[in-house]
Amino acid sequence: MSDLFPAKLRTLGRCFCIITGASRGFGWALAHKVSHLVQPGSVLLLVARSEALLRTLKEELRSFASERELHVHCVAADLSTRDGVNATVAAAKRERALADDVDHVLLVNNAASLGDISGFVSFTDLEQVTSYLSFNVSSALALTAGLLQVFPHAPGRRRTVVNVSSVFALQPLQSWVLYCTAKAARGMMFRVLAQEEPTVKVLSYSPGPMETEMQEEIRRLTGISHRLLPCHEPADKLMKLLLDYDFRSGAHLDFFDV
Ligand SMILES: NC(=O)c1ccc[n+]([C@@H]2O[C@H](COP(=O)([O-])OP(=O)(O)OC[C@H]3O[C@@H](n4cnc5c(N)ncnc54)[C@H](OP(=O)(O)O)[C@@H]3O)[C@@H](O)[C@H]2O)c1
């Protein structure tokens, strides 16, 4: 194992962490976990559209981590738009000045949407399909690329990119053509990143079915209820993977297999 990717870490280090979709659900749980595992002087960038929910989360994190220990910055941005992606990259650039000596840059691409789960042949509207893929695929690419430019390779600094994935990146499910296609495309996108950038460690992580608003939407649309995990369980396993740091860059790992 090289110094660049040291194994078995006790903390995430002095970390600059960006979490998209942090206003609720899995992203919210991840923000809590990360904030307990970083070293003083770390920065956490919380990204979603709902500014009020991000501010509430920031207040919660403030109750156990002081400003000196963890600087939390909320970015209210719609990642389905160019402006939203650019605003997030610009915020990271500004906040970088506060944390020049971070030793770990961690980006968690978590924000996503379920989309329409009508049958395949109903998707005749190119704009509807393009708009879904634009948010769920293109924006993750543009955002990751922009942030890797803000934080280029530097000696002594790890860079980790997590793609929050799903079993449906690998397995087709009838009526879920948009969701399955986007998760599969994201999986390949991040495998290419892993090949191209040996100084970036990349993980696609499938958290399993969780109690979130996305699952409420699924229940409402299909009438099907699954046994759901509380978000903190898959979040804990992801943190363990990031601390052990011995996953192969580009791997797709599932909550139920690790
Ligand atoms: N829930 C599950 O069972 C499950 C299973 C496997 C994988 N996943 C994956 O886990 C991740 C999180 O899912 P979740 O269940 O926590 O979803 P969720 O409850 O629907 O939360 C989605 C998050 O993404 C944000 N978001 C949505 N649209 C956005 C936009 N246009 N711009 C910026 N942020 C946006 C939402 O915040 P705002 O509305 O405030 O923008 C929210 O914070 C997703 O990638 C999902 O595919 C979920």
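Read the numbers this way: they start at 1 and go in the same order the structure lists the ligands and their atoms. In this chain, residues are counted from 1 in sequence order.
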Closest to atom 20 (O) of ligand 1 among K183, R24, E213, R49 (heavy-atom distance): R24

Polar contact flag, side-chain donor to acceptor under 3.5 angstrom, D116-S118: yes

Close-contact set for ligand 1 against A77 heavy atoms, below 4.0 Å: 32 (N), 33 (C)

Closest protein heavy atom to atom 32 (N) of ligand 1, given as residue, atom name and distance to 0.1 Å: L79 N, 2.8 Å

Contact check: F135 vs ligand 1, nitrogen or oxygen atoms, below 3.5 angstrom: no

Atoms in ligand 1 flagged as close to G25, the criterion being non-hydrogen separation under 4.0 Å: 16 (O)

Protein heavy-atom partner closest to atom 1 (N) of ligand 1 - residue, atom, separation in Å: T212 OG1, 3.0 Å

Salt bridge R220-E216, side-chain N to carboxylate O under 4.0 Å: no

Sub-3.5 Å N/O-N/O distance, M210 and ligand 1: yes

H252-S206 side chain donor-acceptor pair, cut-off 3.5 Å: no

D103/R158 salt bridge by N-O under 4.0 Å criterion: no

Nearest protein heavy atom with distance in Å, relative to atom 13 (O) of ligand 1: M214 CE, 4.1 Å

For D78, atoms of ligand 1 separated by under 4.0 Å from a heavy atom: 30 (C), 31 (N), 32 (N)

Nearest-neighbour protein heavy atom for atom 16 (O) of ligand 1, which is reported as residue plus atom name and distance: F26 N, 2.9 Å

Exercise: do R186 and S204 side chains pair donor with acceptor under 3.5 Å: no

For S50, the ligand 1 atoms whose distance to one of its heavy atoms is below 4.0 Å: 38 (P), 39 (O), 40 (O)

Among S131, S113, S80, side-chain hydrogen bond (donor to acceptor under 3.5 Å, both in side chains) partner for N136: S113

Plane angle bin for Y245 and H104 - parallel if under 30°, tilted between 30 and 60°, otherwise perpendicular: perpendicular

Polar proximity ligand 1 side, A48 side, N/O cut 3.5 Å exclusive: no

Pair H226, Q215: side-chain N/O donor-acceptor within cut-off below 3.5 Å: no

Heavy atom of the protein closest to atom 45 (O) of ligand 1 (residue, atom name, distance): N110 O, 2.7 Å

Ion pair check, D244 and K240, cut-off under 4.0 Å: yes

Aromatic plane relationship, F168 with Y179 - under 30° parallel, 30 to 60° tilted, over 60° perpendicular: perpendicular

Atoms in ligand 1 with a heavy atom of P209 nearer than 4.0 Å: 3 (O)

Residue and atom name of the nearest protein heavy atom (relative to atom 8 (N) of ligand 1), distance in Å to one decimal: Y179 OH, 3.7 Å

Protein heavy atom at shortest distance from atom 37 (O) of ligand 1: S23 OG, 2.8 Å

Which segment of S165 sits under 4.0 Å of ligand 1 when only heavy atoms are counted: backbone

Validation row: R219, I224 side chains within 4.5 angstrom (heavy atoms): no

Side chain, backbone, both or neither: the part of W28 lying under 4.0 Å from ligand 1 by heavy atom: neither

Closest protein heavy atom (residue, atom, distance) for atom 24 (O) of ligand 1: G21 CA, 3.4 Å

